[in-house]
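Structure record follows, encoded as structure tokens.
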Amino acid sequence: MKQMAVTTFKQYLEANDIDVEIIETSEDTHTAQQAADVHGVPVSNIVKSLLLCADEKQFYLVLTPGDVRLDIEKWKERLGATTLRMANADEVKQNTGYSIGGVPPFGHATQITTYIEEGFDPAIDLVAAAGSAKSVFKITLAKLNEVIS
């Protein structure tokens, strides 16, 4: 199942001519710190793809540095939402096509408005999930901005 998600992401990359290399690892990278250690980048350049649900009907993806805790109240105000919460596992799978821990920052099952949280170092590659907890890719902040806009 996880391999199928990685294949789906690879197909998205190819179809959209996005040139990044998927890196498979046998090591656990379930936390941002583990991913940073395995891939040799600061934890601040690990991309956490966090799906939010506003007013029980609208979903947003926020790409957050690995060392930043998402401020729900700040995002609730920014999005103009009455209520805002983290999406549950089923909602993540349904909207992105991927399971928690493997959600890439783009290439989702549905169109999701995506924001990038401040805190990434633009001088160092970012590392983001590529469909599973053991598959990632590196991308510059500039390229990520280009792809999601």
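Just the heavy atoms: all of them, side chains too, but no hydrogens, waters or symmetry mates, feed the values below.
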For the atom pair [atom1] ([X]) and [atom2] ([Y]), what is the distance rounded to the nearest 0.5 Å?
{"X": "I148", "Y": "L63", "atom1": "CD1", "atom2": "CG", "result": "5.5 Å"}
{"X": "I23", "Y": "H39", "atom1": "CD1", "atom2": "NE2", "result": "6.0 Å"}
{"X": "S44", "Y": "L126", "atom1": "OG", "atom2": "CG", "result": "9.0 Å"}

Donor-acceptor pair, [X] side chain versus [Y] backbone, under 3.5 Å?
{"X": "S149", "Y": "E146", "answer": "yes"}
{"X": "D55", "Y": "L84", "answer": "no"}
{"X": "E14", "Y": "Q11", "answer": "no"}
{"X": "N16", "Y": "I18", "answer": "no"}
{"X": "T96", "Y": "V92", "answer": "yes"}
{"X": "Y12", "Y": "F106", "answer": "no"}

Quick one: sort the Y60 and Y115 rings into parallel, tilted or perpendicular, breaks at 30° and 60°.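 Answer is tilted, since the angle falls between 30° and 60°.
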Heavy-atom count around D19 CG within 6.0 Å, excluding the residue itself: above 12?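 Open: at most 12 neighbouring heavy atoms sit under 6.0 Å from CG of D19.
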With a 3.5 Å cut-off and no angle check, do the side chains of Q33 and D37 form a donor-acceptor pair?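 A pair is found: one side chain offers a donor N or O, the other an acceptor, under 3.5 Å apart.
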Could you walk me through whether L51 and I112 pass side-chain contact (heavy atoms from CB on, under 4.5 Å), step by step? CA-CA 9 Å; L51 190 67; I112 305 170; 4.1 Å; yes
Should K10 and E21 count as an ion pair when the cut-off is N to O under 4.0 Å?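 No, no charged N to carboxylate O under 4.0 Å.
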So, K74 and E117, do they make that salt bridge, N to O below 4.0 Å?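 Counted as a salt bridge, because a side-chain N and a carboxylate O are separated by less than 4.0 Å.
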Locate the shortest heavy-atom distance separating P105 from A129; write the atom from each residue and the value. CD-O, 3.9 Å
